[in-house]
There are 2 protein chains.
Amino acid sequence: MKEPLYRSIQNDLKFQIQKGVYKIGDYLPSENELCVAYKITRTTARKALDELFKDGFIQRQHGKGSQVIERRKSLGLLSLKGFSEAVGKKVETQFLQEPGFRDWINNFPFKISEKELENPCIHFERLRCVDSEPVMLENNWFSSMHLPGFIEMELVDGSFFKTLSQNYQIEIIGSEQELRAMTADSELSELLKIQIGAPLLQINAHFSTSKKDFNIYAELFCNTAKFPVGNSYMK
Amino acid sequence: MKEPLYRSIQNDLKFQIQKGVYKIGDYLPSENELCVAYKITRTTARKALDELFKDGFIQRQHGKGSQVIERRKSLGLLSLKGFSEAVGKKVETQFLQEPGFRDWINNFPFKISEKELENPCIHFERLRCVDSEPVMLENNWFSSMHLPGFIEMELVDGSFFKTLSQNYQIEIIGSEQELRAMTADSELSELLKIQIGAPLLQINAHFSTSKKDFNIYAELFCNTAKFPVGNSYMK
DNA sequence: TAGTGGTCTAGACCACGCC
DNA sequence: GCGTGGTCTAGACCACTAG
């Protein structure tokens, strides 16, 4: 039950990265410096850094150090390519349904645990646009149990996952996804401003988190004609 | 340059799992048993097991042991896994073009390094069927430099990645992929036995490997109507 | 209670990047 | 040459699972 030492150091460093004490490109203190600072051995310092690496916060370079990097979406997360880097572009996100209590979905490819179904479901729907053109429709469902005050909350940088991490200390630790190519029906064609019958990428996803019995279920419809969906992984 | 101790133990165990010495559901020797068997310390034994866990071969249970588990489900191609190890159905693979020397592709979304372009390109094209229905068309390109004898070789269990691992000790260590929904043209519709205009999932992939300057470039077209493409990740 | 994995200490040697 | 991360040893205590 007790939190391991390495985890508190890991969280400490993570927090400093999120606060901007260490910015992207900066190097964290070396393992030996961490040993001194926290009065621990290298094994423990390494474990903390290893975890930060696994979570995609840092990159480790033999002979150089641990460098803070832009958080990669390599938790098997799929992301719209060029979405976050779309510097010149105007990225907008528009709520079609604000976060609120809704019914739990059924007919979903991933099983929702009974513990979750006992609690009310929070849902929201967003439309993502680049240069005012809609490219993705996104639905999220999750149990309200662990997120007091979420409904009234503004998302951190417009990001749901970032909000979970910074406001609730909940991290995504796993995912399973199903991908299908399909064609737009009248409803989707209208929302995404494409022809009926145009190809769409449908993603059904289940994200597990660091909180027991708290999972996120999502359904996305992506118009990949201009922005393909990307996925990268580095061991 | 030298292979770490833990890796040789990891590979030893991996090989025994692949050969069936340890079957799904079996428990590997405990950490202490590995210490004795290989004359190592627990740190090293743990590191080997941790790697096997990361690669999805085993599950670790506090107080019980390390259990061999089924590797990722679905057409887990997105999770770095080959196709043939992943599906429970009757999977057949048919070569449309046997491995041979071909021109390097261009117009590919991922850059091919100059070192690779200096060497001849090996290519093959396969049609993957589940229960006799074609579900996926697969093209692979890669440099011939590190794979002597590949062209005459039979694939291990019909799996390209398994062949690389077992016959050449080359492991996939990273990937980047681009996904698009598109519609079948006349050529694809004929090969995959679907209507012209039916939705298809196109995947362009770049796999990096444990060998420097050896990468695999692939293009897939998947009919996801019956078999969605899956992707799972567990920290 | 015995055996397992999870955490942690206090050392050591090595390979890599950089000056 | 020096500091970095990568590997490895030889211990220790703890928490979990099971008989």
Side-chain angles (χ1 to χ4, degrees), chain A residues 1-14 17 22 25-69 171 173-174 210 212-213 234-235, chain B residues 1-14 17 22 25-69 169 171 173-174 210-213 234-235:
Chain A
M1 199 64 239
K2 211 186 61 184
E3 183 181 75
L5 227 189
Y6 74 81
R7 188 164 300 281
S8 70
I9 290 151
Q10 166 194 348
N11 284 334
D12 198 10
L13 292 169
K14 187 183 86 181
I17 291 172
Y22 300 106
D26 289 355
Y27 284 85
L28 294 186
S30 75
E31 298 180 355
N32 284 317
E33 287 169 342
L34 290 176
C35 293
V36 176
Y38 289 98
K39 296 196 174 69
I40 53 176
T41 53
R42 260 191 76 205
T43 311
T44 307
R46 276 185 70 74
K47 181 75 177 167
L49 293 171
D50 282 346
E51 293 291 312
L52 287 174
F53 171 72
K54 260 202 327 206
D55 290 348
F57 287 98
I58 61 170
Q59 179 178 33
R60 316 198 69 190
Q61 296 159 279
H62 197 167
K64 292 188 72 176
S66 301
Q67 189 177 30
V68 178
I69 56 174
E171 304 294 334
I173 60 168
S210 50
K212 282 254 175 194
D213 293 312
M234 191 56 59
K235 195 168 161 179
Chain B
M1 199 66 234
K2 211 187 58 184
E3 182 181 77
L5 227 190
Y6 73 81
R7 188 164 300 281
S8 70
I9 290 150
Q10 166 194 349
N11 285 333
D12 198 9
L13 292 169
K14 187 182 85 180
I17 291 171
Y22 300 106
D26 288 355
Y27 284 86
L28 294 186
S30 74
E31 299 179 353
N32 283 317
E33 287 169 342
L34 290 176
C35 292
V36 176
Y38 290 98
K39 295 196 175 69
I40 53 177
T41 53
R42 261 190 76 204
T43 311
T44 307
R46 277 185 70 73
K47 181 76 176 167
L49 292 171
D50 282 345
E51 293 291 311
L52 287 173
F53 172 72
K54 247 191 354 194
D55 291 347
F57 287 99
I58 62 170
Q59 180 179 28
R60 317 198 68 191
Q61 296 160 277
H62 197 168
K64 292 187 73 176
S66 301
Q67 190 177 31
V68 179
I69 56 174
Q169 284 71 52
E171 305 292 334
I173 60 168
S210 49
K211 268 271 200 299
K212 282 254 175 195
D213 293 311
M234 191 56 58
K235 191 170 157 184

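Everything quoted here is computed from the prediction, not taken from an experiment. Here is the naming used below: chain letters follow the sequence lines, and residue numbers restart at 1 for every chain.
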Visitor: For A:Q61, which residues count as a side-chain hydrogen bond (donor to acceptor under 3.5 Å, both in side chains) partner, sequence neighbours excluded?
Guide: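 A:Q61: side-chain hydrogen bond (donor to acceptor under 3.5 Å, both in side chains) contacts with A:Y27.
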Visitor: Grab the stems for DNA chain D, please: at least three consecutive Watson-Crick or wobble pairs, both distances below 3.5 Å, written as range with range.
Guide: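 Stem list for DNA chain D: C:1-18 with D:1-18.
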Visitor: How many whole angstroms separate atom CD of A:Q10 from atom C1' of C:dC8?
Guide: 16 Å
Visitor: Can you tell me the distance, in whole Å, between the OH atom of A:Y27 and the P atom of C:dG17?
Guide: 11 Å
Visitor: Detail all sub-3.5 Å separations between protein N/O atoms and N/O atoms belonging to nucleotides 9-11 of chain D.
Guide:
| from | atom 1 | to | atom 2 | distance (Å) |
| --- | --- | --- | --- | --- |
| D:dT9 | OP2 | B:T41 | N | 3.2 |
| D:dT9 | OP2 | B:T41 | OG1 | 2.9 |
| D:dT9 | OP2 | B:T44 | OG1 | 2.6 |

Visitor: Sequence neighbours excluded and cut-off under 3.5 Å, please list the side-chain donor-acceptor pairs for residues 38-47 of chain B, or say none.
Guide:
| from | atom 1 | to | atom 2 | distance (Å) |
| --- | --- | --- | --- | --- |
| B:Y38 | OH | B:D12 | OD2 | 2.6 |
| B:R42 | NE | B:E31 | OE1 | 2.9 |
| B:R42 | NH2 | B:E31 | OE1 | 2.8 |
| B:R46 | NH1 | B:E31 | OE2 | 2.8 |

Visitor: Using whole Å, report how far CZ of A:R60 lies from P of C:dC16.
Guide: 17 Å
Visitor: Rounded to whole angstrom units, what separation is found between the CD atom of B:Q59 and the P atom of D:dT17?
Guide: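 Rounded to whole Å, this separation is 13 Å.
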Visitor: Return the value, rounded to whole Å, for the distance between atom NZ of A:K47 and atom C1' of C:dC8.
Guide: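 Atom-to-atom, A:K47 to C:dC8, this comes out as 12 Å.
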Visitor: For B:D26, what residues pass the salt bridge (Lys or Arg N to Asp or Glu O under 4.0 Å) criterion, not counting sequence neighbours?
Guide: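 For B:D26, no residue satisfies salt bridge (Lys or Arg N to Asp or Glu O under 4.0 Å) once neighbours in sequence are set aside.
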Visitor: Check whether any side-chain N or O of B:Y6 sits under 4.0 Å from OP1 or OP2 of D:dC8, and answer yes or no.
Guide: no
Visitor: Taking atom P of C:dC16 as reference, at what distance in whole Å does atom CD of A:E31 sit?
Guide: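 Distance check: A:E31 CD to C:dC16 P gives 16 Å.
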Visitor: Does B:S30 have a side-chain nitrogen or oxygen under 4.0 Å from the phosphate oxygens OP1 or OP2 of C:dG3?
Guide: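 No, no such contact exists.
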Visitor: Kindly say if B:R46 contacts the phosphate of C:dG5, meaning a side-chain N or O under 4.0 Å from OP1 or OP2.
Guide: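 Indeed not, no polar side-chain atom of B:R46 lies that close.
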Visitor: For DNA chain D, what residues of residues 61-69 of chain B have any heavy atom nearer than 4.0 Å?
Guide: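 Under 4.0 Å from DNA chain D: B:H62, B:G63, B:K64.
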Visitor: For B:L52 and C:dG5, give me the distance from atom CG to atom C1', rounded to whole Å.
Guide: 15 Å
Visitor: Whole angstroms only, please: what is the CG-C1' distance between B:D50 and D:dT7?
Guide: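 Answer to the nearest Å: 14 Å.
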Visitor: Once side-chain hydrogen bond (donor to acceptor under 3.5 Å, both in side chains) is applied, do any residues pair with A:Q59, and if so which ones, sequence neighbours excluded?
Guide: none
